[in-house]
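Notes to accompany the following structure.
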Amino acid sequence: MPSTLNIAQLNDNPSSRIIIVGGGIVGAALAFHLSKAESEKHIVLIDKSLETLVGSTGHAPGFVGQLNESAVLTQLAKDTVQDYLTIPGGFETVGGLELSSATSGLELLERRQETAQGAGLPAELLTPEAAAALAPDFIDPNSIKHCLLFPSDGTANAGVITSYYVDQARAKGVDFLEAAVTGFVTKKDNETSKIATIKTAGGDINSEGSIVILATGIWTSSLISGDKTPVTQLPIPIVPVAHPYTFTPTRARRVGTPYPFVRWLDHHAYARDHGDRDGLGSYDHPPMQLDPIESAIGAWPASFDQVLSDAASHLKNKAEFQVQGQNANPEETWVADKPFNGIFSVTPDNLPFAGRVPDVANLWLAAAIWVTTAAGTAKLLAREILGNKHSTTSEDKALLDALNPARFQGVEADLLLRKSLSKYNDIYNREA
């Protein structure tokens with residue numbers, strides 16, 4: 001999609017604007033939901049690539065499991081699924097299966113079933129044979145002991161969803177600008193500062209009279225840290241990490257009821273049917289911090305070959321998965337149906353950052369947000385940005401308090417980094 005205006009046109013009318021930086025699924029959802037409200041504010045979305053999704057959205061595996069040990073994430077995921085279900089081709093309710101081979105796994109799954117039902121999510125314990133019948137190419141019933149099915153979970157097509165949000169937002173008057181944002185210039189404003197200028201590779205944008213929302217995912221930390229002076233004095237620990245994902249070679253599409261996606265809780269492995277191939281990922285390796293450059297694909301660590309080999313060993317069709325990654329420059333060699341190292345963000349509490357940054361008057365964050373909670377978080381922020389603060393519901397207030405960008409104020413940076421990396425191996429809530 002081409003830009004709908006240029007920097008000069010944008011600077012001609014610098015007041016009463018909302019500028020969203022980042023055009024992945026989060027930024028697109030924000031543009032859409034902000035545009036639905038009756039407001040005089042001019043909404044502009046800026047991204048360095050309007051034609052191709054170069055961030056984490058572009059390679060997201062699309063698993064949407066709504067239950068989380070965090071009630072906040074569970075609520076945001078439920079709100080997200082309700083949004084995705086309205087988008088043609090955006091979400092398929094295939095269900096999600098959690099499996100355990102451990103004797104103690106039954107207690108864990110029973111606890112998760114009770115938590116799910118308390119959150120209004122259906123959850124059903126199955127026998128190994130019943131679970132294997134739902135995904136026979138994935139599951140050997142003799143290798144598992146306990147199974148829990150979440151029928152309302154499913155898989156999201158992040159590309160389709162993002163395109164829908166973009167098209168709908170554009171039809172409602174949102175403007176789009178292709179420009180690589182490189183940093184910000186702040187200006188002191190009484191007790192706080194404000195973002196006065198958005199610096200891009202194509203020129204500066206006057207943002208003094210604008211609300212600026214960073215939906216910049218894995219690039220958020222580098223953007224707000226600045227070359228010399230950070231944009232905010234608050235710690236915003238959003239840590240990009242490596243993650244292996246692979247596929248089987250292309251095959252004929254299966255007939256019959258679609259497979260649920262499957263999680264092997266004891267092994268931090270997960271798999272899904274992508275239609276013409278199967279996909280497999282693993283969190284069962286030491287966390288690796290990465291610095292993303294042009295895209296959310298990182299170089300392939302040789303250790304990931306063994307990680308994927310171990311993950312594949314838990315599947316019935318283990319021999320079909322490609323486990324040898326690519327060790328060359330990922331920018332030159334990456335292809336979508338081969339093993340790749342996808343980069344996404346973790347935080348010290350596994351929660352996103354969503355809300356206003358209190359020491360920068362016009363800055364909001366919408367970062368470290370996965371596909372699973374993207375729409376729910378975008379709707380929450382849209383309500384807060386455009387609504388009357390006195391009409392904020394208690395539910396919204398509780399969510400915003402939990403996602404507050406200032407929540408780690410006063411905590412040492414090294415400790416926040418260690419906590420963030422440690423959360424990588426907790427993503428499936430093994431102890432939840």
Shortest non-hydrogen contact between L315 and F321, atoms and distance:
CD2-CE1, 3.4 Å

Does N362 use its side chain to pair, donor to acceptor, with the backbone of S210 at less than 3.5 Å?
yes

Any chance the side chains of H314 and D266 put a donor and an acceptor closer than 3.5 Å?
no

Just to verify, what does A406 make a side-chain contact (heavy atoms from CB on, under 4.5 Å) with, not counting sequence neighbours?
L234, P358, N404

Should K379 and D79 count as an ion pair when the cut-off is N to O under 4.0 Å?
no

Can N68 and T74 be counted as having a side-chain donor-acceptor contact under 3.5 angstrom?
no

Is R251 salt-bridged to D273, cutoff N-O under 4.0 Å?
yes

Would you check if there is a donor-acceptor pair between the side chains of R277 and T248 at a distance under 3.5 Å?
no

Determine yes or no for a side-chain-to-main-chain donor-acceptor pair under 3.5 angstrom, with R383 supplying the side chain and T393 the backbone.
no

Does E114 have more than 12 heavy atoms from other residues, nucleotides or ligands lying within 6.0 Å of its CD?
no

Does the side chain of T250 come under 3.5 Å of the side chain of D276 through a donor N or O and an acceptor N or O?
no

For E107, enumerate each residue passing the side-chain contact (heavy atoms from CB on, under 4.5 Å) test, keeping only those at least two apart in sequence or located in another chain.
R111

Would you find a donor on one side and an acceptor on the other, under 3.5 Å apart, between the side chain of T372 and the backbone of A77?
no

Side-chain ion pair, K397 and D401, N-O less than 4.0 Å:
yes

Is N6 atom CG crowded by more than 12 heavy atoms from other residues, nucleotides or ligands, each under 6.0 Å away?
yes

Any residue meeting salt bridge (charged side-chain N to carboxylate O under 4.0 Å, His left out) with D137, in chain and number order, not counting sequence neighbours:
R254

Hey, could you give me the OG1/CD1 distance between T220 and I236, rounded to the nearest 0.5 Å?
9.5 Å

Filter on side chain to side chain donor-acceptor pair (under 3.5 Å), then keep only pairs touching residues 143-162, sequence neighbours left out; what's left?
Q66-S152, Q66-D153

Should we say atom NZ of K78 is surrounded by more than 12 heavy atoms from elsewhere, each under 6.0 Å from it?
yes

Once you round to the nearest 0.5 Å, how far does CD1 of I297 lie from OG of S56?
8.5 Å

For P244, which residues count as a side-chain contact (heavy atoms from CB on, under 4.5 Å) partner, sequence neighbours excluded?
H285, W300, F304, V307, L308, Y424

L421: which residues meet the side-chain contact (heavy atoms from CB on, under 4.5 Å) condition with it, sequence neighbours left out?
V239, V241, P287, Q289, L417

Hey, does the side chain of T373 reach the backbone of I369 with a donor-acceptor pair shorter than 3.5 angstrom?
no

Crowding at NZ, K419 (>12 non-hydrogen neighbours, <6.0 Å):
no

